[in-house]
Amino acid sequence: MADEDSTIQDIQQALQSCDRALEQLGATCCMAERSARMQALSTRLNELGRLLDGLGGQPSPAPDTLGKAQAATESVGAALGALYATCCTPTRERLYTLMFRSLGTIHMGLWRLGGAQH
């Protein structure tokens with residue numbers, strides 16, 4: 001249980017890091033048409049957060065819950081990738097990198113919670 005608690009804590013910290021980076025990204029973007037896509041990404045990230053909040057306090061998260069959280073992580077990653085691929089300036093690359101790393105931490109944490117030793 002202590003290992004699961006640690007993994008859940010790592011996942012929550014990664015989510016917070018991703019959320020902060022998205023806020024910075026949105027605040028520094030110069031293209032108004034990207035705002036709608038950033039809002040959609042923010043909505044997806046919030047949905048992921050709600051799913052991840054449901055992981056705490058459970059003796060072992062249900063496979064269905066983990067599956068939904070994995071799918072939400074993939075959805076956030078896809079939306080983030082679309083923004084990154086169309087970003088017009090390399091000065092924000094560190095924010096994208098931070099967000100992708102955070103999503104990787106979430107993804108691996110969910111795998112660990114599901115019993116994978118990957």
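Keep in mind that what you see is a predicted model, and the values were worked out from it rather than measured.
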Handout entry: Cluster check Val76, Met38: I/L/V/M/F/W/Y, side chain < 4.5 angstrom
Key = yes
Completion exercise
Interatomic distance, CG@Leu66 vs CZ@Arg112, rounded to 0.5 Å, equals 12.5 Å
Completion exercise
Value for CG (Asn46) from CD (Gln39), rounded to nearest 0.5 Å, stands at 9.5 Å
Handout entry: Rounded distance (nearest 0.5 Å) linking atom OG1 of Thr65 with atom CG of Leu52
Key = 10.5 Å
Exercise for the section: Report yes if some heavy atom in the side chain of Gln70 is under 4.5 Å from a heavy atom in the side chain of Trp111; otherwise report no. Expected result: yes
Practice task
Determine, using the 4.5 Å side-chain heavy-atom cutoff (strictly less than), whether Leu103 and Leu51 are members of one ILVMFWY cluster.
Solution key: no
Handout entry: Partners meeting side-chain contact (heavy atoms from CB on, under 4.5 Å) with Gln13 (sequence neighbours left out)
Key = Gln9, Asp10
Exercise for the section: May I ask you to check whether Thr86 and Arg37 show a side-chain donor-acceptor distance below 3.5 Å? Expected result: yes
Practice task
Mark yes or no for whether Glu74, through its side chain, and His107, through its backbone, hold a donor-acceptor pair below 3.5 Å.
Solution key: no
Exercise for the section: Supply the atom-to-atom distance Leu25 CG to Cys29 SG, rounded to the nearest 0.5 angstrom. Expected result: 6.5 Å
Problem - Sub-4.5 Å side-chain heavy-atom contact between Leu22 and Leu95 - result: no
Practice task
Please check if the side chain of Asp19 supplies one atom and the backbone of Leu15 the other of a donor-acceptor pair under 3.5 Å.
Solution key: no
Practice task
Look at atom OH of Tyr84 and say whether more than 12 heavy atoms of other residues, nucleotides or ligands are closer to it than 6.0 Å.
Solution key: no
Problem - Spatial distance of atom SG (Cys87) from atom CG (Leu80) [nearest 0.5 Å] - result: 10.5 Å
Problem - Sequence-distant partners of Thr43, side-chain contact (heavy atoms from CB on, under 4.5 Å), two or more places apart - result: Glu47
Fill in the blank from the handout: When rounded to the nearest 0.5 Å, the distance separating CG of Leu98 from SG of Cys18 is 7.5 Å
Problem - Leu110 side chain reached by Thr7 side chain, heavy atoms, under 4.5 Å - result: no
Completion exercise
For Arg94, the side-chain contact (heavy atoms from CB on, under 4.5 Å) test, sequence neighbours excluded, returns Gln24
